[in-house]
Amino acid sequence: NAGVTQTPKFQVLKTGQSMTLQCAQDMNHNSMYWYRQDPGMGLRLIYYSASEGTTDKGEVPNGYNVSRLNKREFSLRLESAAPSQTSVYFCASKLAGEVAEQYFGPGTRLTVT
Amino acid sequence: AQSVAQPEDQVNVAEGNPLTVKCTYSVSGNPYLFWYVQYPNRGLQFLLKYITGDNLVKGSYGFEAEFNKSQTSFHLKKPSALVSDSALYFCAVRDRIGSSNTGKLIFGQGTTLQVKP
């Protein structure tokens, strides 16, 4: 049981390049989330998927797109990377229900030059 | 709008002493509150949550948190700190819009706990 996995662990992009961050969970969770973490700002929600087949914007969606490929996988795409997107990205998942806690992946450290 | 605040950027304690990491919240309706810990270069790990019932919630690694409705606080505590407790701690509150549960969490900005030997 690997929990939540993310690839890659590290990535350096040049401004304007695109890339996709991958996330997968093996806990049969319904909901999945993408956050970014910046110093002094806590975690901010980019997009989430409450259930397979649905996606919704979070607090900071601009410059990102997501795909809920199936129940297990939720990817985050940067179409044209900008230096402001330099951050650590975390994927999380949880069971359905409002009291369930979220489980986090190990993160992807992205630098855009 | 729901919000959560962690008033201290850093808390320093000596090993063996009790520790407290503070969290206050602002919500409409009943609060569902969470604490997470993040060790260096790792993802967040769930510590404990308050949903309803007993105001003192016990969690992982000997941590507990006290829910205080009148003070709108949910402080994280441990009776005797360990050096290995040094990490970044996040308080979070469940987000709601009206009566709808979005399933989302709103996080505080985090508090760094340093436990000195």
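Each chain gets a letter, A, B and so on, in the order the sequences are listed, and its residues count up from 1. Everything numeric in this text was worked out from a predicted model, so none of it was measured. The figures here come from the full heavy-atom set of this structure, side chains too, leaving out hydrogens, waters and symmetry mates.
Options A:Asp38, A:Leu45, A:Leu43 differ in how many heavy-atom pairs under 4.5 Å they form with chain B, and the most are formed by A:Leu43. In terms of non-hydrogen atom pairs under 4.5 Å with chain B, the most contact-rich of A:Met41, A:Gln102, A:Arg109, A:Arg44 is A:Gln102. In terms of heavy-atom pairs under 4.5 angstrom with chain B, the leader among A:Gly105, A:Ser31, A:Gly42 is A:Gly42.
For A:Gln6 (side chain) and A:Cys91 (main-chain N/O), a donor-acceptor pair under 3.5 Å exists by modelled atom type. A:Trp34 places a side-chain N or O within donor-acceptor distance of the main-chain N or O of A:Phe74, the cut-off being under 3.5 Å. With hydrogens and angles disregarded, no donor-acceptor distance shorter than 3.5 Å links the side chain of A:Thr111 to the backbone of A:Thr86.
Within the 4.5 angstrom heavy-atom criterion, no atom of B:Gln6 approaches chain A. For A:Ala96, no part lies under 4.5 angstrom from a heavy atom of chain B. For chain A, the nearby part of B:Ile51 is the side chain; its heavy atoms alone come within less than 4.5 Å.
Taking both residues in full, the closest heavy atoms of A:Leu13 and A:Ala81 are given as CD1-CB, 3.8 Å, listed atom of the first, atom of the second, then distance.
Taking the centre and axis of the six-membered ring of B:Phe63, the NZ or CZ atom of B:Lys78 falls inside the cone set by 45° and 6.0 Å.
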